[in-house]
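Residues take their numbers from the sequence shown, with the count starting at 1. Worth knowing before you read on, the calculation uses all heavy atoms, side chains too, and leaves out hydrogens, waters and symmetry mates.
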Amino acid sequence: MYTGKQQELFDRVVKVICANIKRKDGPLAPEMVKPESDFMKDLGADSLMVVELVMGVEQEFDLDEIPESDIEKIRTVADVIDYLTRVLQIS
């Protein structure tokens, strides 16, 4: 599990995920989101939701557009945290 600034990143990312992934069985509960969660396989996101999620992350963290080559590598919540840790230079 994360600690310190990475935990803060995780908490903010979970909010973005819950706001952008709409499931047929109701809203996505924050406790359902784990670092190892795959957006499509575990959280039920479709490709449009993933695009909206990326845009939500860009907005939440005031980032320029995330390059397509980086988006292609992001499959799990941990991938997002790793990306943000690197881009925001958090140690």
Side-chain angles (χ1 to χ4, degrees):
M1 202 59 178
Y2 299 113
T3 59
K5 291 187 178 191
Q6 283 193 322
Q7 182 63 47
E8 292 174 25
L9 283 179
F10 178 76
D11 293 342
R12 289 173 66 186
V13 167
V14 169
K15 284 185 187 178
V16 173
I17 291 168
C18 290
N20 287 286
I21 295 181
K22 313 290 185 217
R23 299 164 49 113
K24 292 178 184 172
D25 59 349
L28 183 64
E31 56 271 12
M32 296 174 69
V33 181
K34 308 290 183 213
E36 64 275 12
S37 297
D38 182 288
F39 293 111
M40 297 181 107
K41 292 179 184 171
D42 300 324
L43 301 179
D46 60 24
S47 56
L48 178 60
M49 289 179 205
V50 172
V51 170
E52 292 173 345
L53 174 64
V54 168
M55 293 170 55
V57 168
E58 291 169 347
Q59 184 175 17
E60 173 69 21
F61 293 95
D62 196 25
L63 299 173
D64 291 333
E65 187 173 316
I66 298 173
E68 187 71 28
S69 59
D70 288 331
I71 293 173
E72 292 172 357
K73 297 173 189 169
I74 295 175
R75 301 268 185 256
T76 67
V77 177
D79 293 339
V80 175
I81 302 302
D82 291 345
Y83 176 80
L84 291 172
T85 299
R86 181 170 38 89
V87 171
L88 300 175
Q89 299 179 349
I90 294 172
S91 54

- side chain to side chain contact (heavy atoms under 4.5 Å, CB included) between Leu28 and Val33: does it pass, once the steps are laid out? CA-CA 8 Å; Leu28 183 64; Val33 181; 4.0 Å; yes
- Task: Drop me the distance from Ile74's CD1 to Tyr83's OH, to the nearest 0.5 angstrom.
- Result: 6.5 Å
- Message: Side-chain heavy atoms nearer than 4.5 Å, only ILVMFWY residues, links allowed to pass through others: does that put Ile81 and Met1 together?
- Response: yes
- Compare every heavy atom of Cys18 with every heavy atom of Ala29, then report the nearest pair and how far apart it is. C-SG, 4.0 Å
- Query: Where is the tightest heavy-atom contact between Asn20 and Gly56, given as atom of each residue plus distance?
  - Reply: ND2-CA, 4.4 Å
- Query: Apart from Val51 itself, which Ile, Leu, Val, Met, Phe, Trp or Tyr residues share its cluster (side-chain heavy atoms under 4.5 Å, direct or through members)?
  - Reply: Met55
- Listed partners of Phe10 passing ring pair (Phe, Tyr, Trp, His ring centres under 6.0 Å), at least two apart: Tyr2
- Looking only at non-hydrogen atoms, find the nearest pair between Val16 and Val57 and report the distance. CG1-N, 3.7 Å
- Query: Roughly how far, to the nearest 0.5 Å, is NZ of Lys5 from CG of Leu9?
  - Reply: 9.5 Å
- Message: Applying salt bridge (Lys or Arg N to Asp or Glu O under 4.0 Å), can you list everything that pairs with Glu60, at least two apart in sequence or on another chain?
- Response: Arg12
- Can you list every pair that meets side chain to side chain donor-acceptor pair (under 3.5 Å) and has a residue in residues 29-50, with sequence neighbours left out? none
- Query: Atom CD in Glu58, atom CD1 in Ile71: separation rounded to 0.5 Å?
  - Reply: 6.5 Å
- Task: Decide yes or no on side chain to side chain donor-acceptor pair (under 3.5 Å) for Thr76 and Asp79, but give the supporting numbers first.
- Result: CA-CA 5 Å; Thr76 67; Asp79 293 339; 3.3 Å; yes
- Message: To the nearest 0.5 Å, what is the distance between CD on Glu72 and CD1 on Ile66?
- Response: 13.0 Å
- Note on the structure: Scanning both residues in full, the closest heavy-atom pair of Gln6 with Thr85 reads NE2-OG1, 3.0 Å
- Item | All salt bridge (Lys or Arg N to Asp or Glu O under 4.0 Å) counterparts of Asp25, not counting sequence neighbours | Arg23
- Take Asp70 and Arg86 through the test side chain to side chain contact (heavy atoms under 4.5 Å, CB included) and record every step on the way to the result. CA-CA 12 Å; Asp70 288 331; Arg86 181 170 38 89; 4.2 Å; yes
- Query: Which atom pair, heavy atoms only, marks the closest approach of Met32 to Leu43?
  - Reply: O-CD2, 3.8 Å
- Task: May I have all residue pairs that pass ring-ring contact (aromatic ring centres under 6.0 Å, His included) and include part of residues 24-50, sequence neighbours excluded?
- Result: none
